[in-house]
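Heads up, the thing below is written out as structure tokens.
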Protein chains: 2
Amino acid sequence: MSVKIKDISEHLGISVSTVSKALNGYDDVSQQTRSLVQETARTLGYRASASARNLRRGRTDKIGFVFNNALTFISDYFAEIIVGATAAAEQNDNNIVLYTNEGDSPDSLLNLVQAREVDGFILVWNHVPKAMIEMLLKANVPFVVLGRRVRHPMASYIAPDNYQGAKALMQHLFDLGHQRIGFTTRPSMGLTHEDRYQAYKDALAEANLPYIPELVVETKIEPLSGYHAMNTLLDLPNPPTAVFAFHDFVAIDAQRAALERGVRIPEDIALAGFDGLRLSLFTSPSITTVAQPLNEIGRESVYAILERIKDNSQPPIQKTLPVRLLPRQSTQG
Amino acid sequence: MSVKIKDISEHLGISVSTVSKALNGYDDVSQQTRSLVQETARTLGYRASASARNLRRGRTDKIGFVFNNALTFISDYFAEIIVGATAAAEQNDNNIVLYTNEGDSPDSLLNLVQAREVDGFILVWNHVPKAMIEMLLKANVPFVVLGRRVRHPMASYIAPDNYQGAKALMQHLFDLGHQRIGFTTRPSMGLTHEDRYQAYKDALAEANLPYIPELVVETKIEPLSGYHAMNTLLDLPNPPTAVFAFHDFVAIDAQRAALERGVRIPEDIALAGFDGLRLSLFTSPSITTVAQPLNEIGRESVYAILERIKDNSQPPIQKTLPVRLLPRQSTQG
DNA sequence: TTGTAAGCGTTATCAT
DNA sequence: ATGATAACGCTTACAA
């Protein structure tokens with residue numbers, strides 16, 4: 001079997017507690033025994049047993065990362081966040097454990113922490129029901145919502161700044177001379193949508209432009225939604241000169257609709273998406289978008305959950321991270 | 001604190017060992033006490049402590065998933081594999097723990113298993129040095145290489161069938177009438193490259209077509225490599241009528257080179273990639289490619305590692321999974 | 001500075 | 001069918 005503290009202790013003829021202390025950097029060990037212990041540990045190939053240590057310490061140094069599969073079709077999004085999160089975790093001597101919690105009960109989430117599998121978790125869902133949030137708060141388990149703001153004042157989250165991003169995007173369109181700007185919206189399911197929509201409206205108001213209801217097309221969350229939306233807009237007697245699509249996939253579909261009708265982008269109509277998926281760079285024309293700082297979102301979420309784990313009674317951590325406008329061909333030729 | 005076996009035992013006035021047995025489905029407990037225990041466990045909200053159980057059982061029911069960051073720029077690849085792996089793990093009462101092991105020593109890999117953080121691990125690297133493989137084998141830690149074949153006869157791997165995929169792709173090009181087919185290769189770093197290259201050569205031979213050295217362009221692994229390769233091929237006095245790019249990113253770059261020269265795809269030159277990244281669907285024209293069964297690769301790797309964990313002395317599991325040709329516009333208009 | 005010993009929450013062996 | 005108890009490997013009062 002593997003080498004344990006006891007082996008070192010016997011090998012050196014000193015007690016296990018001294019070995020443990022030496023290994024864990026306590027200061028009540030002589031310099032000499034410390035280095036002796038450390039060296040034998042190395043030569044013997046000693047590795048502390050994670051479970052034993054966890055059991056004793058009452059923590060796992062593991063962070064749950066709970067995602068639902070629906071998310072993963074946006075693989076750019078998902079992958080980069082994971083990478084950022086994993087790296088941040090490791091730098092803090094923690095690790096990420098993956099869980100797919102497909103619309104499961106909050107109960108099974110509690111399970112994770114209560115079974116002391118992880119010390120806390122990061123929720124990566126496209127929508128976190130209010131009841132779930134409240135249950136988690138009541139159970140006092142450390143958690144952080146990643147990627148979207150949450151309405152509850154006590155819930156922690158790390159999210160992109162959708163509002164400012166959408167504002168910047170609108171400004172970009174204004175700067176290019178657009179005044180009739182379409183917006184593809186969706187059934188509101190939370191603040192991600194609302195923030196972008198509100199920014200659209202505020203930007204118009206601030207530019208002294210009217211809000212024109214028929215320029216706002218509601219799409220369902222389904223494939224081709226952008227395709228239909230674009231067609232609806234182009235069918236208008238007086239179509240917009242630019243379209244702000246709720247996100248990149250919608251924009252890509254919208255682009256196809258335009259191309260099929262022989263409507264040129266950006267000459268006849270400008271088009272922009274949101275989220276900064278890599279896909280939007282490879283279409284022809286490439287699509288202007290607003291990039292989320294995905295790696296950073298992953299990283300900050302880890303920092304946040306580590307804080308929550310340290311002391312879950314602190315005020316919640318609610319952070320929106322700045323996003324970046326990526327002007328591309330679909331708006332500026 | 002949380003509910004433990006002892007609480008149930010005291011609550012019911014029976015011993016902890018009986019409770020444990022009832023909970024774990026041993027058959028030497030009366031039906032009556034069993035259901036009694038199960039019910040109280042539920043009402044009290046009992047969750048077995050993972051660390052205590054792990055310590056006692058000597059295993060963790062966790063699988064390490066070790067990736068290096070270089071990989072993650074292929075986010076499609078990465079994300080879908082992770083999803084497949086996570087789901088498969090959960091269905092077998094295991095979980096995936098993420099580790100980024102950026103070119104680290106094999107030592108730190110051993111660490112994972114020897115510290116009993118995980119029972120075994122899946123290696124997701126673009127290249128696994130031979131020395132590393134041998135060290136892992138010698139240390140007798142359960143591991144599986146994901147996504148690429150490995151030369152060592154005792155190493156387990158789950159990989160796409162690059163050879164048959166490349167063969168199918170070549171056949172597709174033959175069927176379209178191509179006889180002069182370019183290939184962008186790369187400094188050989190392992191079987192992934194060799195399999196595709198070998199298939200290219202074998203396909204030519206089987207079709208009684210000559211292998212023409214100047215049609216094979218070596219690219220470096222770097223951005224724009226495909227761009228340069230395509231230019232090299234188009235500069236030939238007698239350029240190929242079709243190009244098989246080593247993988248999708250290379251193909252995308254190659255496409256750009258062609259477009260910039262006014263060379264039309266597929267009319268003037270057909271183009272195909274490999275791997276089936278989603279990106280290749282959104283370019284104009286969309287790029288013919290060979291899709292890896294990513295979800296399945298993730299899943300099968302989990303099955304494989306679970307087998308290794310069960311008994312690491314069994315013969316290695318070496319599996320290539322069938323890939324799927326996706327004919328698109330870049331070859332057939 | 002070092003050692004002794006209790007305890008973390010389970011599971012498994014052996015009695016009863 | 002049930003219970004007492006040791007053991008898993010570690011950390012940490014507390015004693016020496």
Side-chain angles (χ1 to χ4, degrees), chain A residues 1-41 44-62 93 111-119, chain B residues 1-41 44-62 93 111-119:
Chain A
M1 270 314 291
S2 49
V3 185
K4 34 200 152 182
I5 281 195
K6 203 175 167 206
D7 296 321
I8 302 182
S9 123
E10 286 172 356
H11 189 90
L12 254 45
I14 62 181
S15 79
V16 287
S17 57
T18 306
V19 174
S20 172
K21 285 174 195 165
L23 252 22
N24 289 292
Y26 280 57
D27 46 2
D28 55 350
V29 240
S30 72
Q31 198 39 253
Q32 167 179 329
T33 43
R34 178 192 310 287
S35 43
L36 208 55
V37 166
Q38 284 169 344
E39 180 167 335
T40 11
L44 260 48
Y46 167 78
R47 315 288 178 184
S49 152
S51 0
R53 168 175 283 170
N54 291 344
L55 176 57
R56 177 63 228 220
R57 286 188 175 161
R59 61 194 167 87
T60 64
D61 293 336
K62 293 210 177 355
D93 297 314
N111 208 345
L112 294 184
V113 175
Q114 289 175 346
R116 284 131 296 171
E117 296 244 0
V118 297
D119 299 334
Chain B
M1 271 316 288
S2 48
V3 185
K4 34 199 151 181
I5 282 195
K6 201 173 167 208
D7 297 321
I8 302 182
S9 123
E10 286 172 356
H11 189 89
L12 254 43
I14 61 182
S15 78
V16 287
S17 50
T18 307
V19 173
S20 173
K21 284 174 195 165
L23 251 22
N24 288 292
Y26 280 57
D27 47 1
D28 55 350
V29 236
S30 73
Q31 197 39 252
Q32 167 179 330
T33 42
R34 177 192 310 288
S35 43
L36 208 55
V37 165
Q38 283 169 344
E39 181 167 334
T40 13
L44 259 49
Y46 167 79
R47 316 286 177 187
S49 152
S51 0
R53 169 175 285 173
N54 291 345
L55 176 57
R56 177 63 231 220
R57 286 189 177 163
R59 62 193 166 89
T60 65
D61 294 335
K62 295 213 178 347
D93 297 314
N111 208 345
L112 293 185
V113 175
Q114 289 176 346
R116 284 131 296 171
E117 297 242 1
V118 297
D119 300 333

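Per chain, numbering begins at 1; letters A, B, ... match sequence-line order.
Remark: P of C:dT1 and CG of A:Asp27 are 8 Å apart, rounded to the nearest angstrom. Taking atom NZ on A:Lys4 and atom C1' on D:dC8, their separation rounds to 8 Å, with Å as the unit. One can place CZ of A:Arg59 at 15 Å from P of C:dG9, the figure rounded to the nearest angstrom. Separating the CD atom of A:Glu10 from the C1' atom of C:dG3 is a distance of 15 Å, rounded to the nearest angstrom. In this structure, the CG atom of B:Leu12 is 13 Å from the C1' atom of D:dT2, given to the nearest Å. Atom C1' of nucleotide D:dC10 and atom CZ of B:Arg116 are separated by 10 Å, given to the nearest angstrom. When rounded to the nearest whole Å, the span between NZ of B:Lys6 and C1' of D:dA4 equals 14 Å. The distance between atom CD1 of A:Ile8 and atom C1' of D:dG9, rounded to the nearest whole Å, is 12 Å.
Between the side chain of A:Thr40 and the main chain of A:Leu36, a donor-acceptor pair closer than 3.5 Å is present.
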Exercise for the section: Mark up nucleotides 11-16 of chain D, 5' to 3', with B wherever a protein heavy atom is under 4.0 angstrom from a base atom, S wherever such an atom reaches only the sugar-phosphate, and - elsewhere. Expected result: BB----
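Here the closest non-hydrogen pair linking A:Arg116 and A:Thr60 is O-CG2, 3.0 Å.
A close approach under 4.0 Å does not occur between any side-chain nitrogen or oxygen of B:Ser49 and OP1 or OP2 of C:dG9. At D:dT2, one or more side-chain N or O atoms of B:Ser30 fall inside 4.0 Å of OP1 or OP2 (strictly under the cut-off).
Nucleotides of DNA chain D nearest to B:Gly13 and B:Leu55 differ in position, and the one nearer the 5' end is that of B:Gly13.
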Practice task
Starting from the C-alpha separation in whole Å, work towards a yes-or-no answer on side chain to side chain contact (heavy atoms under 4.5 Å, CB included) for B:His11 and B:Val3.
Solution key: CA-CA 11 Å; B:His11 189 89; B:Val3 185; over 6 Å; no
Exercise for the section: Take B:Leu12 and B:Thr18, measure what side chain to side chain contact (heavy atoms under 4.5 Å, CB included) needs, and give me the verdict at the end. Expected result: CA-CA 11 Å; B:Leu12 254 43; B:Thr18 307; over 6 Å; no
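As judged by a 4.0 angstrom heavy-atom cut-off over every strand, A:Thr33 is placed among residues touching the sugar-phosphate backbone only. Counting non-hydrogen atoms under 4.0 angstrom, B:Arg47 reaches the backbone sugars and phosphates but no base.
Partner of B:Tyr46 under the side chain to side chain contact (heavy atoms under 4.5 Å, CB included) criterion, chosen from B:Asp7, B:Val19, B:Leu23: B:Leu23.
With respect to A:Lys62 and B:Glu117, a salt bridge is recorded, a charged nitrogen being found less than 4.0 Å from a carboxylate O.
Around CD of A:Glu39, the count of heavy atoms belonging to other residues, nucleotides or ligands within 6.0 Å does not exceed 12.
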